[in-house]
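Numbers here simply count residues along the sequence, with the first being 1. Computed from a prediction, not measured in an experiment: that's the story for all the values here.
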Amino acid sequence: MAPAIPAAMERPHFIGIGGAGMSGIAKILAQRGAKVAGSDARESETAASLRALGATVHIGHAAHHLADDTSGVVVSSAIRDDNPELARARELGIPVVHRSDALAALMDGLRAIAVAGTHGKTTTTSMLAVALTELGLDPSYAIGGDLAGPGTNARHGAGDLFVAEADESDRSFQKYVPEVALVLNVELDHHANYASLEEIYESFEAFVAKIPHGGTLVVGEHAGARELAGRVSGRPGLDILRVGESEDSSDVWIRRITPHGMTSEVTVVLDGAEHTFTVSVPGRHYAHNAAAALAAGSRAGVDPAELARALTAYTGVGRRLQLKGEAAGVQVIDSYAHHPTEMTADLEAMRAAAGTDRRLLVVFQPHLFSRTQELGTEMGRALALADESLVLDIYPAREDPIPGVTSAVITEAATAAGARVTAVHDKAEVPEAIAGMARPGDLVLTMGAGDVTDLGPRILDRLAH
């Protein structure tokens, strides 16, 4: 039986319903029987999938899109105060609910596993959702990307587990009360909302503080995650599991990672037992994500041997080293990486997959002016791992331009690091440019959190002709 729908969520209107986080909540509510409506800036497959669930989706934002019987308006931190639908809701006195509060309400009454960290949240949440589903536990889940198998980012399940991606970017993850919390890493990011790394640690500490007595915190091997574990280790009733490759400093020991082209075989020692399984994406960081998922699931009461076998069923998530296709002997792969740590991890994974005989060509689109201002030099250095790179203009998303901040920050740093890099200001020129560079056997990686993902099919089409 589905948990009760909060009153404000019986007939909700989502502003920006096509977003990864917003659409997931909307899908779960629709599956629970709510009368869902919303609007988005453009038509998309997500909008179509929501309509298939019975939701009303308007394209464009206008005050008249709010239905007369709207019970609440759901917004994310990206929605500006001058949005006409938000202004209309306030004028009419309709409750306005933040996305995080809506997700927290959906978790109420269920056993939540919340996956947090600066990087790797979507992949790890997806691994858990797929494995638990494979075991017949029928979990609910809300993820920041579409699973390759089910092809959706959210689902209402009949089981008592709810797996959720917990977003730290606007502190919204502090609303959740997880039985098991997983923190993969802690790094400085989201510069519009955090003034320092210390502020980020404080935010993660507030998130961990919501774990009930007797709950579990799983942390990765990243220095920031281990620092967080040290800060909260004295709290009574909190079980902490450290996952990593060092046997001496890890409670869950990643004993071995064996790469096999675009997959890896991973051996993990948990509670004295050894478990070996295949991870369907290359790279050590994805192996670490899988080991962390195994640890978190085990502390939610799932048999680790069964869970390890079920993790093999994970076949990827959209935009996380996702193979888009092959043409003229060239494979095109898509990556969501936009922070230097993510970029380096994915580039190292693809460098290993390419081996010594194939070249790695990258099309990188910086995401956010503030992130580029703070981390552009590190982004450029990461691109030195590629054989050649094209760097696009900054994708602004929710931000206004910052004077003097352009993608030149990245290209200059990349050149200084010895990278072969070219600035491209018109996305439409990229397919032709790649066609002129690529040779049979090469790997082409489109990388970034913006609309660079749209270039994959266009590049394949150009290579095929």
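- In this structure, Val97 and Met9 approach most closely via the heavy-atom pair CG2-CE, 4.0 Å.
- Among all heavy-atom pairs drawn from Ala296 and Leu128, the shortest one is CB-CD1, 4.3 Å.
- Side-chain atoms of His65 come within 3.5 Å of backbone atoms of Gly60 as a donor-acceptor pair (strictly under, hydrogens ignored).
- Using modelled atom types and a 3.5 Å distance limit, the side chains of Glu274 and Thr267 yield no donor-acceptor pair.
- Asp167 CG to Phe207 CZ: the interatomic distance, rounded to the nearest 0.5 Å, is 11.0 Å.
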When you look at Glu43 and Arg51, which way does the salt bridge (Lys or Arg N to Asp or Glu O under 4.0 Å) test go after all the steps?
-> CA-CA 11 Å; Glu43 193 61 72; Arg51 292 189 186 104; 2.8 Å; yes

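- What you find for Gly301 and Arg111 is that their closest heavy atoms are N-NH2, 4.4 Å.
- With salt bridges taken as basic N to acidic carboxylate O contacts below 4.0 Å, none links Arg171 and Glu202.
- For the pair Glu199 (side chain) and Ala195 (backbone), a donor-acceptor distance under 3.5 Å is present.
- Using a 3.5 Å distance cut-off with no hydrogens or angles, the side chains of Ser335 and Asp346 do pair a donor with an acceptor.
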Yes or no on side-chain hydrogen bond (donor to acceptor under 3.5 Å, both in side chains) for Ser39 and His61, after CA distance, side-chain angles and deciding distance?
-> CA-CA 6 Å; Ser39 61; His61 299 294; 3.0 Å; yes

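- Note that NE2 of His275 and CG of Leu311 are 11.0 Å apart. Values are rounded to the nearest 0.5 Å.
- Separating the CG atom in Leu443 from the CE atom in Met262 is a distance of 7.5 Å, to the nearest 0.5 Å.
- Residues Pro178 and Pro212 share a closest heavy-atom pair of O-CD, 3.1 Å.
- Here the side chains of Leu182 and Ile113 are not in contact, with every heavy-atom distance at 4.5 Å or above.
- Using a 4.5 Å heavy-atom cutoff, the side chains of Phe14 and Leu29 are in contact.
- Looking at Arg309 and Asp303, no side-chain N of the basic residue comes within less than 4.0 Å of a carboxylate O on the acidic one, giving no salt bridge.
- From Leu106, atom CG reaches atom OH of Tyr176 across 9.5 Å, with rounding to the nearest 0.5 Å.
- Inter-residue side-chain proximity for Phe173 and Glu165 is flagged as unmet; no heavy-atom pair is nearer than 4.5 Å.
- The shortest distance between side-chain heavy atoms of Leu445 and Leu347 falls below 4.5 Å.
- The shortest distance between side-chain heavy atoms of Leu392 and Leu455 falls below 4.5 Å.
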Should Thr446 and Ile459 be marked as a side chain to side chain contact (heavy atoms under 4.5 Å, CB included) after you check the CA-CA gap, both sets of side-chain angles, and the distance that decides it?
-> CA-CA 10 Å; Thr446 56; Ile459 292 170; 4.0 Å; yes

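- In this pair, Tyr194 and His190 present their aromatic rings tilted. The plane angle is within the 30 to 60° band.
- The backbone N or O of Ile28 lies less than 3.5 Å from no partner atom in the side chain of Arg32, so there is not a single donor-acceptor pair.
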Report the C-alpha distance between Ile15 and Leu86 in whole Å, list the side-chain angles of each, state the deciding distance to 0.1 Å, and finish with yes or no for side chain to side chain contact (heavy atoms under 4.5 Å, CB included).
-> CA-CA 8 Å; Ile15 304 177; Leu86 178 56; 3.9 Å; yes

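- Defined by atom type and a distance below 3.5 Å, a donor-acceptor pair is missing between the side-chain atoms of Ser246 and Asp248.
- The closest side-chain donor-acceptor pair between Thr133 and Asp138, if any, does not fall under 3.5 angstrom.
- We find the CG-OG distance between Leu161 and Ser140 to be 9.0 Å, quoted to the nearest 0.5 Å.
- Formation of a donor-acceptor pair under 3.5 Å by the Arg255 side chain with backbone atoms of Glu247 is not found in this model.
- The two atoms that bring Ala129 and Ile143 nearest to each other are CB-CD1, 4.0 Å, heavy atoms only.
- Defined by atom type and a distance below 3.5 Å, a donor-acceptor pair is missing between the side-chain atoms of Gln365 and His338.
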Could you please spell out the steps behind the side chain to side chain contact (heavy atoms under 4.5 Å, CB included) verdict for Val268 and Trp253?
-> CA-CA 6 Å; Val268 177; Trp253 176 32; over 6 Å; no

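- Taking CZ from Arg99 and NZ from Lys175, the interatomic distance works out to 9.5 Å, rounded to the nearest 0.5 Å.
- Counting heavy atoms from C-beta outward, Asp239 and Arg299 have side chains that approach closer than 4.5 Å.
- Annotation: cation-pi geometry satisfied between Arg231 and Tyr201 (NZ/CZ under 6.0 angstrom from ring centroid, within 45° of ring axis).
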Apply side chain to side chain contact (heavy atoms under 4.5 Å, CB included) to Val130 and Leu132, showing your working.
-> CA-CA 6 Å; Val130 168; Leu132 295 174; over 6 Å; no

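- Between the side chains of Arg284 and His288, not a single donor N or O lies within less than 3.5 Å of an accepting N or O.
- With respect to the salt-bridge test (charged N to carboxylate O, under 4.0 angstrom), the residues Glu85 and Arg88 do not qualify.
- Not one N or O on the side chain of Thr124 forms a donor-acceptor pair closer than 3.5 Å with the backbone of Lys121.
- Side-chain atoms of Ser49 come within 3.5 Å of backbone atoms of Thr46 as a donor-acceptor pair (strictly under, hydrogens ignored).
- A distance-only check finds no donor-acceptor pair linking the side chain of Ser264 to the backbone of Pro259 [under 3.5 Å].
- The closest side-chain heavy-atom distance from Pro12 to Lys35 is not below 4.5 Å.
- With salt bridges taken as basic N to acidic carboxylate O contacts below 4.0 Å, none links Asp451 and Arg42.
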List the steps and the verdict of side-chain hydrogen bond (donor to acceptor under 3.5 Å, both in side chains) for His222 and Thr341.
-> CA-CA 11 Å; His222 183 269; Thr341 301; 5.7 Å; no

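- Judged purely by atom type and a 3.5 angstrom limit, Ser298 uses its side chain to pair as donor or acceptor with the backbone of Ala295.
- Using modelled atom types, one finds no donor on one side chain facing an acceptor on the other under 3.5 Å when comparing Thr216 with Glu179.
- Of the N and O atoms on the side chains of Thr453 and Asp334, at least one donor lies less than 3.5 Å from an acceptor on the other residue.
- Judged by distance alone, the side chain of Glu221 and the main-chain N or O of Glu245 form a donor-acceptor pair under 3.5 Å.
- Looking at heavy atoms from C-beta onward, Glu205 lies in side-chain contact with Leu228 at the 4.5 angstrom threshold.
- With 3.5 Å as the limit, one finds no donor-acceptor pair spanning the side chains of Glu265 and Thr276.
- Nearest heavy-atom pair across Ala292 and Val218 is O-CG1, 4.2 Å.
- Ion pairing of Glu187 with Arg371 is absent here, as no side-chain N (NZ or NE/NH1/NH2) approaches a carboxylate O to less than 4.0 Å.
- Under a 3.5 Å cut-off, the side chain of Glu399 and the backbone N or O of Leu368 do not form any donor-acceptor pair.
- Here the two rings, on His119 and His339, have centers that are under 6.0 Å apart.
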